[in-house]
Amino acid sequence: MRPRRHRRRIGRRWGRFHVGRTAVLGTAGALIAGTLVAGAISAPAASADGRHHDRVGSEARGVRIAAERSAEAGIDWKSCPEDWGLTAPIQCGWVTVPLDYAKPNGKKIKLAVDRHVSTGTKGERQGALIYNPGGPGGSGMRFPTRVTAKNPLWTKTAKAYDFVGFDPRGVGRSAPISCVDPQEFVKAPKADPVPDSEADKRAQRKLAREYAEGCAERSGWMLPHMTTPNTARDLDVIRAALGEKKLNFLGVSYGTYLGAVYGTLFPTHVRRMVVDSVVNPSRESIWYRANLNQDIAFQMRWDDWKAWVAKHDSVYGIGDTPQKVEKEWLKLRAAAKKEPIGGVVGPAELIGFFQSAPYYDSAWAPTAKTWSAYRAGDTQALIDAAAPDMSDLAGNASAENGNAVYTAVECADAKWPTSWRTWDRDNTRLHEKYPFMTWANAWMNLPCATWPTKQQTPLNVKTGKGLPPVLIVQATRDAATPYEGAVELHKRFKGSRLITEKGAGSHGVTGLANPCVNERVDTYLLTGKTDRRDVTCTPHATPKP
């Protein structure tokens, strides 16, 4: 499930990974030498009859073969390349996986992984804890820095576990995909997402078609294989390469869906699993309906932020009621549409910046402060916050790569409506009551309506024999992953426990200081124990201006 300056993404909508605006995706760019490895032998093709079941069986065999090979090969841990920005004692390496698990002897790709070994004694060590921050398109490679930074929320867990991050397939250094030239991708100002006319809608539809075509042209060889089940299979191969018999996993935002799919495919391979800020895993929700529901939740949390800004009007001077703050927002939007701020910040860029506030409480004060400064005459602060930096070639490549992976995975995971009439009807209705994100979200996902490769049927997430208790953590007012998703996964994973942070809405609960949550996460990861019943926690501290 991060807020983007350039083009809004679900996780970055289904997962922003760390509080703050620093991008955490690895540098994308040209395909790294050695990332794509051709095999000499191909697995036999499935027959026409029972093709689906044959493929499922072939993929199951393929992942077993790949895991056995990785267990034997292990990971050749070395100092990380200097340009990766990961210093000792963090180590880096590679894990080889099949491009297509139905053909384990066919083409292969290499996945970048890193680790910080456990800080405790040999007797305290419990194995490796693998992390996925969301997206789709998020890199987990910064996860070991929680140890080097001595993050107080994770010191106990770091004694017991190696902290392991990875770039999922298509991301960063793991056979990165691309859909458009990165500098074109970030160029601003973009068209206002809220259409004024049918001509505006036609123009956005054209852009969405062209984006889908660009994905096929630049990364067509990867697109059919960019699915959540394949990433879950990759996760199992990484587990084996680490020498772990069972998986310890922490997934946030989209990472919760990855965990749900992994738990369904490999229930006996799970040791401990924490899922935080949960994507609704139902087949009916993945992914079209999930995006519509997200628009409603974003409006709710946007309203929460406006109320907070109004409460602190003596600090920000924007408006002393939520209605006045909204009025000023609409005035700002309209002015930027008429004449983009600094020539580069229009309504699309404003949304890219302001959506940080509904995502994370940590962005409440900085967002309000920047807006207040702009109103007082400091135009540059808002430009710096909302406009792309055209000189940041690596950052722009990373942003484009992340969006490409987001689109590729969501479009491949599930069948999307192909009728524009459906999209237009649903988003027009939603926009009337929930205008903050609805149309921006629609245009971002519209490439899936004309996606050039086959779209799968989502996996039926359910409890398999041998699945241990899973710990689910969720805030009730989360914008990116509405609360209902946690409830749904709780129903589907029998024996799971749900920790609810009531009245809070910051995305990524386990990264916040709330002892009611933190202590239970520690206890579960260290001992495997959960409360006898689900737990409701009071919210973490409200941000101060």
Side-chain angles (χ1 to χ4, degrees), residues 17 24-39 59 62-63 65-78 80-81 84 86 90-101 103-104 106-115 128-144 162-178 219 221-223 225-244 247 249-251 254-255 258-259 261-262 265-266 269 398 401-402 404-405 408-409:
F17 324 121
V24 297
L25 286 172
T27 303
L31 193 66
I32 294 171
T35 299
L36 176 60
V37 184
E59 288 170 335
V63 73
I65 291 169
E68 287 169 4
R69 289 172 178 168
S70 284
E72 186 176 342
I75 300 173
D76 184 16
W77 293 110
K78 296 180 179 179
C80 301
W84 289 23
L86 299 164
I90 296 173
Q91 300 170 304
C92 292
W94 300 93
V95 175
T96 301
V97 299
L99 176 65
D100 181 350
Y101 277 95
K103 300 176 181 178
K107 289 182 179 179
K108 296 178 178 63
I109 57 175
K110 287 188 176 182
L111 307 180
V113 296
D114 68 344
R115 72 171 180 181
L129 176 64
I130 308 178
Y131 173 70
N132 180 268
S139 168
M141 297 288 280
R142 301 293 299 174
F143 183 53
D162 300 345
F163 275 28
V164 176
F166 72 105
D167 276 346
R169 59 171 56 206
V171 175
R173 294 170 178 84
S174 298
I177 67 169
S178 172
S219 305
W221 66 281
M222 280 280 284
L223 296 188
H225 311 292
M226 290 293 297
T227 65
T228 301
N230 273 340
T231 302
R233 296 178 183 110
D234 293 343
L235 192 56
D236 200 56
V237 177
I238 293 171
R239 171 200 59 77
L242 289 165
E244 300 289 327
L247 177 76
F249 179 73
L250 170 61
Y254 165 77
L258 175 60
V261 170
Y262 183 92
L265 291 175
F266 307 101
H269 293 190
S398 175
N401 168 244
V405 175
V409 172

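Note that the numbering runs from 1 along the sequence shown for the chain.
Put simply, the side chain of Ser174 gets close to the backbone of Asp167: a donor and an acceptor are under 3.5 Å apart. Looking at Lys108, its side chain does come within 3.5 Å of a backbone N or O of Gly106 through a donor-acceptor pair. Looking at Asp114, its side chain does come within 3.5 Å of a backbone N or O of Gly165 through a donor-acceptor pair. In this structure, Asn401 contributes its side chain and Gly170 its backbone to a donor-acceptor pair below 3.5 Å. Of the possible polar contacts, one joining the Ser219 side chain to the Ser178 backbone as a donor-acceptor pair under 3.5 Å is found.
Ser70 contributes atom OG, which lies 12.0 Å from atom CD1 of Ile65 (distance to the nearest 0.5 angstrom). Atom OG1 of Thr96 sits about 8.0 Å away from atom CG of Leu111, to the nearest 0.5 Å. In this structure, CG in Leu99 is found 6.5 Å from CE in Met222, a value given to the nearest 0.5 Å. If you take CZ on Phe266 and CG on Leu235, they are separated by 8.5 Å, rounding to the nearest 0.5 Å. Between the CD1 atom in Ile238 and the CZ atom in Phe249 there is a gap of 10.0 Å [rounded to 0.5 Å]. One distance of note links CG of Asn230 with CD of Glu59; it measures 6.0 Å at 0.5 Å rounding.
Residues satisfying the ring pair (Phe, Tyr, Trp, His ring centres under 6.0 Å) test with His225, not counting sequence neighbours, are none. Residues satisfying the side-chain hydrogen bond (donor to acceptor under 3.5 Å, both in side chains) criterion with Thr231, sequence neighbours excluded, are absent altogether. Qualifying side-chain hydrogen bond (donor to acceptor under 3.5 Å, both in side chains) partners for Asp236, counting only residues two or more places apart in sequence or in other chains: Arg239, Tyr262, His269.
Scanning all heavy atoms of the two residues, the minimum distance from Ala175 to Trp221 falls at CB-CH2, 4.3 Å. In this structure, Asn132 and Gly255 approach most closely via the heavy-atom pair OD1-CA, 3.1 Å. In plain terms, the two heavy atoms of Glu244 and Ala128 that are nearest each other are OE2-N, 3.3 Å. In plain terms, the two heavy atoms of Ala240 and Ala67 that are nearest each other are CB-O, 3.3 Å. Heavy-atom minimum distance, Ala232 versus Val261: CB-CG1, 3.9 Å. Nearest heavy-atom pair, Pro133 versus Ser139, reported as atom, atom and distance to 0.1 Å: CG-O, 3.2 Å.
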*asked:* As a quick check of understanding, evaluate side-chain contact (heavy atoms from CB on, under 4.5 Å) for Val405 and Met226, giving each step before the final call.
replied: CA-CA 8 Å; Val405 175; Met226 290 293 297; 3.8 Å; yes

*asked:* Please determine whether side-chain contact (heavy atoms from CB on, under 4.5 Å) holds for the pair Val63 and Leu265, giving the CA-CA distance in whole Å, both sets of side-chain angles, and the decisive distance to 0.1 Å.
replied: CA-CA 11 Å; Val63 73; Leu265 291 175; over 6 Å; no

*Dump the intermediate steps for side-chain contact (heavy atoms from CB on, under 4.5 Å) on Trp77 and Val113, then the final yes or no.*
CA-CA 9 Å; Trp77 293 110; Val113 296; 3.8 Å; yes

*Go through the steps for Tyr101 and Val237 under the test side-chain contact (heavy atoms from CB on, under 4.5 Å), then give the verdict.*
CA-CA 11 Å; Tyr101 277 95; Val237 177; 3.5 Å; yes

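Asp162 has its side chain out of reach of Leu242: every pair of non-hydrogen atoms, C-beta onward, lies at least 4.5 Å apart. At least one side-chain heavy atom of Arg142 sits under 4.5 Å from a side-chain heavy atom of Leu86. Counting only heavy atoms from C-beta outward, the side chains of Asp234 and Phe166 never approach each other to under 4.5 Å. Side-chain contact between Ile130 and Phe143: absent, with no pair of heavy atoms (C-beta onward) separated by less than 4.5 Å.
Between Trp94 and Trp84, the two ring planes are perpendicular [angle over 60°; tilted spans 30° to 60°].
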